[in-house]
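In what follows, chains are A, B, ... by sequence order, proteins preceding strands, each numbered from 1.
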Protein chains: 2
Amino acid sequence: MVSTSALAETAAALGEPARVAMLGALMDGRALTAGELAAVAGVAPTTASGHLSRLLEAGLLAVERQGRHRYHRLASPEVARVLEGLMALSAARPAPRRALRTGPRDAALREARTCYDHLAGRLAVGMADAMVARGQIQLSPDGGALTDAGADFLQGLGVPVPVARGRPFCRPCLDWSERRPHLAGALGAALCLRCLDLGWMRRVPASRALDVTPAGRLGLRQAFGLDRADQSSTISAAR
Amino acid sequence: MVSTSALAETAAALGEPARVAMLGALMDGRALTAGELAAVAGVAPTTASGHLSRLLEAGLLAVERQGRHRYHRLASPEVARVLEGLMALSAARPAPRRALRTGPRDAALREARTCYDHLAGRLAVGMADAMVARGQIQLSPDGGALTDAGADFLQGLGVPVPVARGRPFCRPCLDWSERRPHLAGALGAALCLRCLDLGWMRRVPASRALDVTPAGRLGLRQAFGLDRADQSSTISAAR
DNA sequence: GGGATGCTTCGGTGGCGCCCGTAGCATGGG
DNA sequence: CCCATGCTACGGGCGCCACCGAAGCATCCC
């Protein structure tokens with residue numbers, strides 16, 4: 001059996017916190033330099049260089065030279081999907097010991113973030129829930145579908161509904177913080193892009209977190225009926 | 001960030017050939033004893049025991065005691081999905097060195113095998129292709145859908161079409177040997193079960209491979225138009 | 001050209017973990 | 001009751017790898 005050892009090699013490349021931190025920083029689909037990734041992982045540039053070559057060799061990263069910088073990005077959306085899956089698997093484990101403390105940064109991530117090319121977090125799950133409740137989309141572990149009502153709704157929002165060969169372009173993705181599905185796939189990507197274009201949310205630099213603007217709060221309430229039970233992100237779990 | 005290190009821990013549990021071999025043996029959804037898994041991985045029982053406790057702690061396996069045996073199985077279908085994803089990612093890498101030699105066992109696996117609860121391999125990809133060509137299903141990277149014609153077709157085969165809340169219960173799954181999608185999800189599982197019930201194929205003991213019976217060859221030709229370009233599995237790639 | 005910046009290679013240190021044999025605990029059969 | 005079987009701790013040997021500092025190469029700015 002040839003494939004098993006190849007799988008182990010790939011998995012081993014993911015079995016190191018520093019490397020996972022780097023990949024996590026690239027989960028928003030952008031490309032970062034080796035120096036930035038070193039800072040993210042909290043290791044010396046020389047160590048980061050080693051990690052990056054290993055990830056490169058494992059086929060998880062792609063690199064592009066620009067002047068004296070080397071920009072690294074995920075090799076493909078499939079890599080992001082596998083990472084999502086591993087995240088869900090890891091989060092599924094019974095809480096390790098006394099619940100780890102949750103920083104403000106975690107709180108922001110739980111509220112709204114990007115998941116490679118689409119939205120995730122409490123906000124995204126709420127949006128998906130609203131669309132399901134209104135019969136605009138259907139979601140199951142095996143797939144998703146956009147109804148006619150849903151197509152009308154998205155057209156009203158100015159979301160360019162992607163045209164796939166067949167019908168399906170709507171994929172569920174298990175949210176690691178909420179443990180419930182949100183909207184992914186081509187449709188999720190288009191919706192995410194539109195929200196950013198509308199100025200409803202902005203990327204937080206050097207993070208996957210998203211900041212919802214006042215206009216976004218208004219728009220989300222009108223379009224999705226989300227009332228944003230706004231828990232201040234200064235909450236920090238005791239213990 | 002709490003989740004990154006948890007992900008690394010899970011991935012590290014997968015980063016060892018012996019453990020991957022064990023998980024691979026469980027990919028058909030059955031439960032095996034620690035001794036059997038040790039043989040599969042080619043390590044001493046004592047070593048296997050350590051691996052198994054680590055996989056257990058990582059939440060990748062579930063165990064059930066029966067008398068003096070301990071039966072291990074994958075903790076959930078999600079684990080199988082992540083493994084599939086990693087397999088596809090690993091296979092995507094440019095061929096390592098001079099193409100590794102391919103044994104008869106690999107050939108059988110490439111032809112037909114189970115992928116947790118559904119069919120995979122050249123045969124399964126052919127079945128999916130046939131159904132797509134006839135407009136019975138639609139497949140895209142984001143999802144799949146069963147058409148009315150497809151529902152009729154499956155009913156004729158005696159496949160109990162699973163009834164999900166919404167429509168979708170049809171999921172594509174990237175075949176690691178063919179690098180093209182086959183049919184997974186609830187629908188893929190139902191189809192696989194029916195093929196086994198019909199006696200079209202049989203499980204090969206201690207392997208994920210499937211053996212197509214003469215009745216199966218006939219049935220597959222009639223139902224799917226598959227002509228089974230039967231390459232004898234004794235072929236072994238030169239070099 | 002001189003110097004700064006970004007990144008990599010090299011060498012050395014320390015630690016984690018894979019592996020096994022031996023020994024010990026539980027279960028089931030004779 | 002005793003032995004065989006299945007599996008799990010324990011201890012030691014060994015190799016791989018994460019980490020860093022120093023040095024070297026490439027690129028860009030002044």
B/L26 vs B/L37 side-chain heavy atoms within contact, under 4.5 Å: yes
- prompt: Quick one: does A/E9's side chain get under 4.5 Å of B/S90's, heavy atoms only?
  reply: no
- line: Nearest heavy-atom contact between A/L210 and A/R203 is CD2-CA, 3.8 Å
field: Atom-pair distance (NE2 on B/H69; C1' on C/dG29), nearest Å
entry: 12 Å
field: Heavy-atom pair of closest approach, residues B/A8 and A/P17
entry: CB-N, 3.6 Å
task: Please report the closest heavy-atom contact between A/D175 and A/R113, naming both atoms and the distance.
output: OD1-NH2, 3.2 Å
message: Show the nearest heavy-atom pair for residues A/A48 and A/M22, with the distance to one decimal.
response: CB-CE, 3.5 Å
Which pairs, protein N/O on one side and nucleotides 18-20 of chain D N/O on the other, fall under 3.5 Å?
residue : atom : partner : partner atom : Å
D/dA18  : OP1  : A/R19   : NH1          : 3.2
D/dA18  : OP1  : A/R19   : NH2          : 2.9
D/dA18  : OP1  : A/R54   : NH1          : 3.3
D/dC19  : OP2  : A/H51   : NE2          : 2.5
D/dC20  : OP2  : A/A44   : N            : 2.9
D/dC20  : OP2  : A/T47   : OG1          : 2.9

query: How does each nucleotide of nucleotides 25-30 of chain D score, in 5' to 3' order, for protein heavy atoms under 4.0 Å: base (B), sugar-phosphate only (S), or none (-)?
result: --BB--
- prompt: In whole Å, what is the span from the CE atom of B/M22 to the P atom of D/dC7?
  reply: 11 Å
Length of the line joining A/L52:CG and C/dC7:C1', which is rounded to integer Å: 10 Å
task: Assign A/T33 to base, sugar-phosphate, or nothing according to its heavy-atom contacts below 4.0 angstrom with the strands shown.
output: sugar-phosphate
message: I want to check something: taking the side chain as every heavy atom from C-beta on, are A/M201 and A/L119 in contact at a cut-off of under 4.5 Å?
response: yes
